[in-house]
Protein chains: 2
Amino acid sequence: MPRAGLTPAAVVEEAARVGDAAGFDRLSLAAVAKRLNVAVPSLYKHVDGLDGLRRAVAVAAAGQLAEALGRAAMGRSGPDAVRALADAYRAFARAHPGRYAALQTSPAPGDAEAAAAFYAPVEVFQAVLRGFGVAEDARVDVIRAVRSALHGFVDLETRGGFGLADDVDRSFGVLVEGLVDLVAGRAAGSAPG
Amino acid sequence: MPRAGLTPAAVVEEAARVGDAAGFDRLSLAAVAKRLNVAVPSLYKHVDGLDGLRRAVAVAAAGQLAEALGRAAMGRSGPDAVRALADAYRAFARAHPGRYAALQTSPAPGDAEAAAAFYAPVEVFQAVLRGFGVAEDARVDVIRAVRSALHGFVDLETRGGFGLADDVDRSFGVLVEGLVDLVAGRAAGSAPG
DNA sequence: CCGAAAAGCTAACTTGATTAGCTTTGGCTG
DNA sequence: CAGCCAAAGCTAATCAAGTTAGCTTTTCGG
């Protein structure tokens, strides 16, 4: 039989697809192996077990999200940049729910590479808020607020946490305008709330 | 050997403790059985397998959260009610991370009892916003924004998603004041946007 | 052409969920 | 008070998934 020609990257990519389709919590070596027409133990030549696969998917997803956010923010500033960031964030989660879920884990203590990868998307937020004029010492709080709101919304949305029917896009707009106000209120020259 | 004297409620309660201690995703029949000094199959007399146990924990948690939120909101209104609700929400998630995680699932389609239980906490939010004077047609959006922000914050917090060090309480305060502003801006008599 | 590293496989073991069916407890009735 | 019987709990067995060990075979460099 000819070889399958796997690589770590190919395995991780297929795993990300499985996770997007079935949910990150249902990601299994068995499913990935079947999709790649390979026996389960063969995957161990490329990834470090299920935990290692999950970690690799998360690290890759962090890079992809950071890249998408960076592209959205490019050439924009102020409220427009915040809106673009919010839209790109939500779009990523909707397009790749499994990868998005993979990001909602903390790296193992001491795993500096994963920690750095996970931090990349946050850095885009930082850059945008810096450009917005948010004071250095308020920036941590504002970033946390923005991340929290966006994460909460897309998490609830992708899990079906909003009872259906009502226009979810409009709700997202309300949230984002609230965030723009919050950021603007903390931008340079404003007194704290 | 004397009987263990289990009941569905006792099993679910122990499962909730296991989930809080080890994480909802690590909740297992094996762990619960061991804690109750019982063989694993014995649990099937009281709960409907692992899926049934997860569902039962989630339903119970929804009731507990709704109760805590209701207690916090009682006797308050306006911004104070929103702040109290936010604090109670966060406190619940911190005290019971496993139960909180259990709530982040959607009930199986057709499971009306679970759907109703899951909706109970949302009803408390609705009541508070109604009292705040948020217009009927804006209420859905505002509730979604508030829920999103709170959920996102506590979810990131309980997962260790905030890099350490900086004062998380202060960040939460910034978020909550932003929410109060958002709600107030949408309250009766305010122009949208 | 050949030798070794790497890729992939089979076999075996472990843990956890689940089902079937047995035993025993303990409350309730006659 | 004796005995019945439903429910509680158990053991045994099956299945699925992850993991490890160790074998075979491809493939590529020399």
Side-chain angles (χ1 to χ4, degrees), chain A residues 1-61 98-99 101-102 105 107-108 111 114, chain B residues 1-61 98-99 101-102 105 107-108 111 114:
Chain A
M1 202 187 292
R3 278 200 191 171
L6 297 186
T7 63
V11 173
V12 171
E13 175 59 27
E14 193 61 41
R17 291 209 190 98
V18 170
D20 283 338
F24 187 65
D25 49 335
R26 306 235 187 121
L27 174 60
S28 67
L29 294 178
V32 174
K34 178 169 288 187
R35 290 257 221 135
L36 294 171
N37 291 311
V38 138
V40 173
S42 304
L43 298 177
Y44 282 75
K45 296 284 177 176
H46 303 284
V47 297
D48 189 13
L50 182 59
D51 284 349
L53 182 61
R54 287 210 188 100
R55 174 192 175 279
V57 169
V59 167
R99 294 170 222 234
T105 58
D111 185 351
Chain B
M1 198 187 294
R3 282 204 188 167
L6 297 186
T7 62
V11 173
V12 171
E13 176 58 27
E14 193 61 42
R17 292 208 190 99
V18 170
D20 283 339
F24 187 65
D25 49 334
R26 307 235 186 120
L27 174 60
S28 67
L29 294 177
V32 174
K34 179 170 286 187
R35 289 255 222 137
L36 294 171
N37 291 310
V38 139
V40 173
S42 305
L43 298 177
Y44 282 75
K45 297 284 175 172
H46 304 284
V47 296
D48 189 13
L50 182 60
D51 285 348
L53 182 61
R54 288 210 187 100
R55 174 193 176 279
V57 170
V59 167
R99 294 169 221 234
T105 57
D111 186 350

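Each chain gets a letter, A, B and so on, in the order its sequence line appears, and its residues count up from 1.
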Worksheet, complete the sentence: From the candidates C:dT10, C:dG16, C:dA7, the one with an atom nearest any side-chain atom of A:Lys45 is C:dA7
Discussion item. Under 4.0 Å, counting only non-hydrogen atoms across every strand here, what does A:Val40 touch: a base, just sugar-phosphate, or nothing?
Written reply: base
Discussion item. Nearest to the B:Pro41 side chain among C:dA20, D:dA17, C:dG16, which nucleotide is it?
Written reply: C:dA20
Practice prompt. Identify whether the distance between the nearest side-chain nitrogen and carboxylate oxygen of B:Arg54 and B:Asp51 falls below 4.0 Å.
Written response: yes
Worksheet item: Nearest to the side chain of B:Leu50 - C:dG8, C:dT18, D:dT20?
Response: C:dT18
Practice prompt. Could you check how far NZ of A:Lys34 sits from P of D:dG18, rounded to whole Å?
Written response: 12 Å
Worksheet item: Is the number of heavy atoms from other residues, nucleotides or ligands under 6.0 Å of B:Asp25 CG greater than 12?
Response: yes
Worksheet entry | Nearest heavy-atom neighbours spanning B:Pro107 and B:Ala114 | CB-CB, 3.7 Å
Practice prompt. Measure the distance from CG on B:Leu27 to P on C:dG16 and round it to the nearest whole Å.
Written response: 12 Å
Worksheet item: Choosing from C:dA20, C:dA17, D:dG18, which nucleotide comes nearest the side chain of B:Ser28?
Response: C:dA17
Fill in: C:dA6 OP1/OP2 closer than 4.0 Å to side-chain N/O of A:His46
no
Fill in: Side chain proximity check, A:Val18 to A:Arg35, heavy atoms < 4.5 angstrom
yes
Fill in: Nucleotide C:dA6, atom P - distance to CG of A:Leu43 in whole Å
18 Å
Practice prompt. Calculate the interatomic distance between B:Arg54 atom CZ and C:dT18 atom P; express it in whole Å.
Written response: 9 Å
Fill in: Rounded interatomic separation in angstrom, taking CG from B:Leu6 and C1' from D:dA8
8 Å
Worksheet item: To the nearest angstrom, how far is B:Leu29 atom CG from D:dC15 atom C1'?
Response: 15 Å
Item to complete: Using atom CG of A:Leu36 as one end and atom C1' of C:dC9 as the other, report the distance to the nearest whole Å.
Response: 15 Å
Discussion item. So which atom in B:Leu50 and which in B:Ser28 form the shortest heavy-atom distance, rounded to 0.1 Å?
Written reply: CD1-CA, 4.2 Å
Discussion item. From C-beta outward on B:Tyr44, which listed nucleotide comes closest to its side chain: C:dT18, D:dT19, D:dT11?
Written reply: C:dT18
Worksheet item: Can you check the B:Leu53 CG to C:dA17 C1' distance for me, whole Å?
Response: 12 Å
Item to complete: Report yes if at least one side-chain N or O of B:Ser42 is closer than 4.0 Å to OP1 or OP2 of D:dC10; otherwise report no.
Response: yes
